[in-house]
Amino acid sequence: MWITFETPQSISLLRGKRVTYVPYIASRDYPGVARALAPISRVLRAERFDELISTGAALALAAMGTAAFAGVPRTYIESVSRVEGPSLTGRILATLHLADLYTQHAGWAGGRWKNHESVLSLFRSVPNPMPPAPDRPLRAFVTLGTIRPFRFDAVLDSLAASGSLSEESVWQVGVTDRRDLPGRIVAQVGGDEFMEQARAADVVVTHAGVGTILALLEAGIHPVVVPRRKERREHVDDHQLQISRLVARLGVATVVEADALAEADLRRAASLRVAPSD
């Protein structure tokens with residue numbers, strides 16, 4: 001049973017699976033956590049599960065407490081984006097002893113946190129055998145995620161100012177509603193179309209969302225990753241800097257700050273692909 005939020009991506013990715021949709025929980029949205037308790041409780045009362053597994057964030061908090069009350073074993077694997085230590089959800093789960101805990105970073109494993117191999121260790125960058133011609137505009141797929149209510153105008157401003165993107169570009173902007181960008185602008189697309197657009201693009205530009213980055217790496221795409229920043233009110237904290245630094249260190253993405261993004265960064269990413277690690 002999958003428990004998640006209902007979005008075009010979750011609908012398409014979980015087509016044919018057993019799914020329970022719960023109301024969306026924003027970052028640090030404690031009333032939202034409380035609203036998710038009832039539908040999760042109904043699921044756990046309806047049948048017996050061998051284990052609950054989650055990577056967070058707020059939804060994990062609702063599910064873990066409910067599963068503990070129901071006597072279901074629980075495993076929490078902290079997001080690979082948490083390079084320097086656990087998230088707020090992870091800290092709460094550790095304090096309350098609500099799950100077996102795993103980190104994907106050996107540097108802060110210890111105590112109740114056991115080490116789990118990082119999902120990002122599976123990839124490496126290689127030259128693109130067919131890079132786009134240097135004299136033509138780039139077809140881009142730009143995805144800012146679906147984080148509400150946080151806009152991400154800074155990256156769109158830099159991309160629009162670069163003048164290097166073609167009218168064939170596609171922009172998945174979430175709540176960052178704009179009408180001044182070259183190409184097609186949408187709020188969200190389903191999982192199938194997401195991958196279709198990503199594969200058709202010369203270059204993919206994404207915020208530093210772990211799920212998005214992993215999906216792109218698995219598709220062989222070397223993305224441009226732009227972290228959201230708390231100081232610009234683009235997220236609740238700067239945890240996207242952690243995943244950005246990690247993928248930059250591993251060499252599997254081109255990482256750029258929003259106000260520094262330039263055509264050279266786009267061309268560099270377009271000249272690379274991602275392959276499985278040896």
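Only a predicted model underlies this, so the values are computations on that prediction, with no experimental measurement involved.
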Checklist entry - Yes or no on side chain to side chain contact (heavy atoms under 4.5 Å, CB included) for Val173 and Arg151, after CA distance, side-chain angles and deciding distance? => result CA-CA 9 Å; Val173 296; Arg151 295 178 63 91; over 6 Å; no
Next on the checklist: I'd like to check Arg91 versus Pro86 (side-chain heavy atoms, cut-off strictly below 4.5 Å). Are they in contact?
Outcome noted: yes
Checklist entry - In terms of side-chain heavy atoms, does Glu78 have a donor or acceptor partner in Tyr76 at a distance below 3.5 Å? => result yes
Checklist entry - So does Arg233 pair up with Asp153, basic N to acidic O under 4.0 Å? => result no
Checklist entry - Of Val226, Thr176, Val142, which is the lone residue that meets side chain to side chain contact (heavy atoms under 4.5 Å, CB included) with Val155? => result Val226
Checklist outcome for this item: Rounding to 0.5 Å, atoms CD (Gln104) and OG1 (Thr55) come to a distance of 8.5 Å
Checklist outcome for this item: Distance col, row Ser271:OG vs Met130:CE, nearest 0.5 angstrom, shows 14.0 Å
Checklist entry - Can Arg273 and Asp202 be counted as an ion pair, charged N to O under 4.0 angstrom? => result no
Checklist entry - Shared ILVMFWY cluster between Ile3 and Phe49, side chains joined below 4.5 angstrom? => result yes
Item to check | Val255 side chain reached by Arg245 side chain, heavy atoms, under 4.5 Å | outcome: no
Checklist entry - Going by an N to O cut-off under 4.0 Å, is there a salt bridge joining Asp177 and Arg179? => result yes
Checklist entry - Who passes side chain to side chain donor-acceptor pair (under 3.5 Å) against Thr66, sequence neighbours left out? => result none
Item to check | Electrostatic pair Glu47-Arg18, nearest N-O below 4.0 angstrom | outcome: yes
Item to check | Backbone N/O of Gly251 and side chain of Ser125: donor-acceptor pair under 3.5 Å | outcome: yes
Item to check | Test item: Leu165 and Leu266 side chains (from C-beta on) under 4.5 Å apart, heavy atoms | outcome: yes
Checklist entry - Can a salt bridge be assigned to the pair Glu168 and Arg139 using a cut-off of 4.0 Å between side-chain N and carboxylate O? => result yes
Checklist entry - Less than 4.0 Å between a side-chain N and a carboxylate O, is that true for Asp100 and Arg112? => result no
Donor-acceptor pairs under 3.5 Å, side chain of residues 190-197 to any protein atom, not counting sequence neighbours: which ones?
from: Asp192; atom 1: OD2; to: Arg15; atom 2: NH1; distance (Å): 3.2
from: Glu193; atom 1: OE2; to: Arg184; atom 2: NH1; distance (Å): 2.6
from: Glu193; atom 1: OE2; to: Arg184; atom 2: NH2; distance (Å): 3.0

Item to check | Ring geometry between Phe150 and His235 (parallel below 30°, tilted from 30 to 60°, perpendicular above 60°) | outcome: parallel
Next on the checklist: Please determine whether side chain to side chain contact (heavy atoms under 4.5 Å, CB included) holds for the pair Val80 and Leu246, giving the CA-CA distance in whole Å, both sets of side-chain angles, and the decisive distance to 0.1 Å.
Outcome noted: CA-CA 9 Å; Val80 71; Leu246 177 60; 4.0 Å; yes
Next on the checklist: Holding to side-chain contact (heavy atoms from CB on, under 4.5 Å), I want the full list of residues that pass it with Asp238, two or more places apart in sequence or in another chain.
Outcome noted: Arg229, Lys230, Leu241
Checklist entry - Are any side-chain N or O atoms of Glu263 and backbone N or O atoms of Ser162, one a donor and one an acceptor, separated by less than 3.5 Å? => result no
Next on the checklist: I want to check something: taking the side chain as every heavy atom from C-beta on, are Val203 and His222 in contact at a cut-off of under 4.5 Å?
Outcome noted: no
Checklist entry - Looking at residues at least two apart in the chain, or sitting in another chain, which of them share a side-chain contact (heavy atoms from CB on, under 4.5 Å) with Gln188? => result Thr7, Pro8, Thr146, Gln172
Please report, to 0.1 Å, the donor-acceptor pairs under 3.5 Å made by any side chain of residues 32-46, with sequence neighbours excluded.
from: Ser41; atom 1: OG; to: Leu37; atom 2: O; distance (Å): 2.8

Checklist entry - What residues form a side-chain contact (heavy atoms from CB on, under 4.5 Å) with Thr4, not counting sequence neighbours? => result Ser10, Leu14, Val19, Tyr21
Item to check | Steps toward side chain to side chain contact (heavy atoms under 4.5 Å, CB included) verdict (Leu93, Leu101) | outcome: CA-CA 8 Å; Leu93 295 177; Leu101 304 173; 4.2 Å; yes
Next on the checklist: As a quick check of understanding, evaluate side chain to side chain contact (heavy atoms under 4.5 Å, CB included) for Lys114 and Thr103, giving each step before the final call.
Outcome noted: CA-CA 6 Å; Lys114 291 165 277 190; Thr103 169; over 6 Å; no
Checklist entry - Do the side chains of Val119 and Leu217 get nearer than 4.5 Å, heavy atoms only? => result no
Next on the checklist: Is a donor from one side chain sitting under 3.5 angstrom from an acceptor on the other, for Ser87 and Thr89?
Outcome noted: no
Item to check | Spatial distance of atom CD1 (Ile11) from atom CZ (Phe5) [nearest 0.5 Å] | outcome: 14.0 Å
